[in-house]
Amino acid sequence: MAREVASRNIRVNAICTGWIDTPMTQPLTAMMRMLATSQIPLRRFADPREVATTALFLASDDSSYVAGVDNVQPGVDEAGRNCTERRRND
């Protein structure tokens, strides 16, 4: 999609996150949280601010030459692959 709209100065990127520590993930049991974090290289859920900084960067002029990128959050493994797979299937 990024190639299709780049000539019109439209940038397309994706933020690929894994688990984020939000009210939605608070009900997870200790076992579910342990299983989830065992799949994350940093062994913890992301803080929402960590994802927000990526979004702010992509929305700023500082990212004017960034297009067609899957921005995989540090500490994430599976989410990056899933994001790429979703993009290819869209």
Side-chain angles (χ1 to χ4, degrees):
M1 181 180 290
R3 287 179 191 214
E4 294 173 20
V5 297
S7 64
R8 293 178 284 189
N9 203 29
I10 298 171
R11 295 177 291 126
V12 178
N13 297 290
I15 300 173
C16 306
T17 66
W19 291 94
I20 303 172
D21 196 14
T22 66
M24 188 172 155
T25 58
Q26 294 306 310
L28 293 175
T29 66
M31 177 62 79
M32 293 165 84
R33 191 172 280 270
M34 183 186 75
L35 289 170
T37 56
S38 72
Q39 302 300 309
I40 302 170
L42 291 177
R43 300 292 187 249
R44 66 176 178 82
F45 285 11
D47 183 278
R49 290 171 291 193
E50 294 171 309
V51 179
T53 56
T54 301
L56 288 171
F57 169 72
L58 290 173
S60 75
D61 290 337
D62 291 338
S63 68
S64 63
Y65 199 66
V66 177
V69 174
D70 294 330
N71 294 279
V72 179
Q73 295 292 299
V76 176
D77 185 25
E78 289 300 317
R81 281 195 287 268
N82 291 341
C83 181
T84 302
E85 290 168 9
R86 280 196 307 270
R87 188 175 59 122
R88 287 183 188 141
N89 292 329
D90 287 346

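Only heavy atoms go into these numbers, but all of them, side chains included; no hydrogens, no water, no symmetry mates.
The main-chain N or O of Gly68 is found under 3.5 Å from a side-chain atom of Asn13 such that the two form a donor-acceptor pair. Side-chain N or O atoms of Arg43 include one that pairs as donor or acceptor with a backbone N or O of Ser38 at under 3.5 Å.
Counting all heavy atoms, side chain and backbone alike, Thr25 lies closest to Trp19 at CG2-CE3, 3.8 Å. Annotation for Ala67 and Ala2: closest pair C-CB, 4.4 Å, computed over non-hydrogen atoms. Of all non-hydrogen atoms in Ser64 and Arg11, the two that sit nearest each other are O-CD, 3.5 Å. Annotation for Leu58 and Ile15: closest pair CD1-CG1, 3.7 Å, computed over non-hydrogen atoms.
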The test is side-chain contact (heavy atoms from CB on, under 4.5 Å); show your working for Gln26 and Asp21 and say whether it passes. CA-CA 7 Å; Gln26 294 306 310; Asp21 196 14; 2.7 Å; yes

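Tracing side-chain contacts under 4.5 Å through hydrophobic residues (I, L, V, M, F, W, Y), one never reaches Leu42 starting from Leu35; they form parts of separate clusters. When hydrophobic clusters are built by joining Ile, Leu, Val, Met, Phe, Trp and Tyr residues whose side-chain heavy atoms come closer than 4.5 Å, directly or via intermediates, Val69 is grouped together with Phe57. Ile10 and Met1 end up in the same hydrophobic cluster when Ile, Leu, Val, Met, Phe, Trp and Tyr side chains are linked at under 4.5 Å. Taken together through direct or relayed side-chain contacts under 4.5 Å among Ile, Leu, Val, Met, Phe, Trp and Tyr, Ile40 and Leu28 form part of one hydrophobic cluster.
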